[in-house]
Amino acid sequence: MCASRKPSLEQMGLKNIFIAIVAVVAIGTGAWLSFLLATPPSAPQTATVLPVTAQLPDFSLLDQDNQAIGRDVFAGHWNLVFFGFTQCPDICPLTLQVLADAKQQLAAQGQTPLPRIVLVSVDPERDTPDVLGSYVSHFGDDNLGITGELQELRKLTTALGIFFEKSAIDGKNYSVDHSAVVLVIDPRGQFHAIFGAPHDASNFVHDMPIIMAGR
Amino acid sequence: MRRIQVAVLAVVLAACSADDAPLVATDVVVTEPRPGTQMTAGYLALSNNSAQPITITRVLSSEFASVEMHESVIEDGVARMYPLGELTVPDGGKVTFEPGGKHLMLTQPTADSDSVSLEFYAGEAVVLTVNVPFTE
């Protein structure tokens with residue numbers, strides 16, 4: 001008489017438990033991997049966040065409404081600050097359009113708060129508040145334009161490591177060479193992070209939510 | 001010698017129809033001057049379909065007092081702009097004017113217009129004329 005080869009009920013129970021454990025582990029691993037892939041990295045990819053934020057110097061400049069402003073003008077907003085000028089045909093409008101596109105994309109994905117775009121003129125001789133106001137409005141609402149006396153402007157740019165210098169194009173016209181970075185000034189009015197050029201909207205769309213969340 | 005070259009080029013161009021023009025412009029974009037400004041930039045690609053290099057010596061526009069060829073560069077984090085003076089499109093080659101690089105700088109609008117015309121000169125000869133509406 002042959003011994004039965006059928007598994008016992010006990011053996012079948014163990015097998016089912018084993019299969020269930022494998023299934024649970026597989027599903028859990030899959031879910032974990034999906035979570036990892038779907039969760040954005042928690043560090044900026046392009047911007048350099050300062051290890052210690054920096055206080056801005058005192059300065060007295062003008063906004064586009066010809067109102068006197070100081071360093072408090074940055075408080076209460078996340079500011080994307082670019083140093084350029086309105087008579088710049090290429091890099092400046094290109095950068096401001098990149099920032100405007102980034103802001104629009106951040107708004108579309110429900111980001112709050114949205115950063116404010118700030119243009120600090122490095123050509124105050126030609127960029128009166130009026131001229132600056134029309135110009136920055138072209139790139140969206142709530143943008144801030146800053147201009148004023150050269151000496152006061154130097155206080156701000158020197159403290160932030162921003163370079164600018166007049167450059168002759170021909171006998172009667174001039175351009176202004178200037179740093180191409182975009183600075184992040186946080187709602188406490190502190191210099192917080194820096195984006196190096198060349199700029200792409202996707203860099204701001206990726207990094208700004210992380211920077212603003214303080215991650 | 002230079003005058004002879006220009007004269008030869010002018011004769012060659014005169015003999016060409018629009019279809020087999022030696023110099024062709026594509027992807028022409030001229031942004032409307034932004035509010036508060038008296039200038040703008042133009043971008044395009046220039047293709048030289050001839051067997052000789054073509055040197056652009058100046059560009060004129062009916063709608064702007066001045067058109068200059070410039071190049072933007074970012075050197076050590078600083079944005080600079082250099083005038084190009086002349087620009088040679090090599091025979092069978094292509095030169096691209098694009099944002100952040102070579103561009104036309106058009107200053108002092110002279111007419112309230114929806115479009116802009118550009119005449120490219122090689123010496124005294126007009127080697128290319130384009131007319132495009134402004135891009136917003």
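Proteins come first, then strands; the chains are lettered A, B, ... in the order of their sequence lines, and each starts at number 1.
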How about A:P89 and B:H103: do any of their side-chain heavy atoms sit closer than 4.5 Å? yes
Heavy-atom contact with chain B under 4.5 Å, split by part of A:S175: side chain
Highest number of heavy-atom pairs under 4.5 Å with chain A: which of B:P33, B:A79, B:S72? B:A79
Contact residues of residues 66-81 of chain A (partner chain B; heavy-atom separation under 4.5 angstrom): none
Interface residues of residues 60-70 of chain B facing chain A - non-hydrogen atoms under 4.5 Å apart: B:E68, B:H70
Between the CE atom in B:M105 and the CG atom in A:N173, the distance rounded to the nearest 0.5 Å is 6.5 Å
Do you know the tightest heavy-atom contact between B:G36 and A:Q87? O-NE2, 3.9 Å
Measure the OG1-CZ distance between A:T86 and B:R34 for me, rounded to the nearest 0.5 Å. 11.0 Å
May I ask you to check whether over 12 heavy atoms, not counting those of A:E149, lie within 6.0 Å of atom CD? no
Using a 4.5 angstrom heavy-atom cutoff, name the option from B:G101, B:G77, B:P35 with the most pairs to chain A. B:P35
Has A:D90 got a side-chain atom pairing as donor or acceptor with B:G100's backbone, closer than 3.5 angstrom? yes
Is it the backbone or the side chain of B:Y43 that comes under 4.5 Å from a heavy atom of chain A, or both, or neither? side chain
Based on non-hydrogen pairs under 4.5 Å, which of A:A197, A:C92, A:S134 is most in contact with chain B? A:S134
Report, by ascending residue number, the residues of residues 94-132 of chain A in heavy-atom contact with chain B at a distance under 4.5 Å; give 'none' if the set is empty. A:L94, A:V131
Give a yes or no on whether B:E75 atom CD has more than 12 heavy-atom contacts from other residues, nucleotides or ligands under 6.0 Å away. yes
Quick one: what part of B:T37 sits under 4.5 Å from any heavy atom of chain A, side chain, backbone, both or neither? both
Sort and list the pairs that fulfil ring pair (Phe, Tyr, Trp, His ring centres under 6.0 Å) and have at least one residue in residues 112-142 of chain A, not counting sequence neighbours. A:Y135-A:F139
Under 4.5 Å, counting heavy-atom pairs only, tell me which of B:P99, B:P83, B:G42 racks up the most with chain A. B:P99
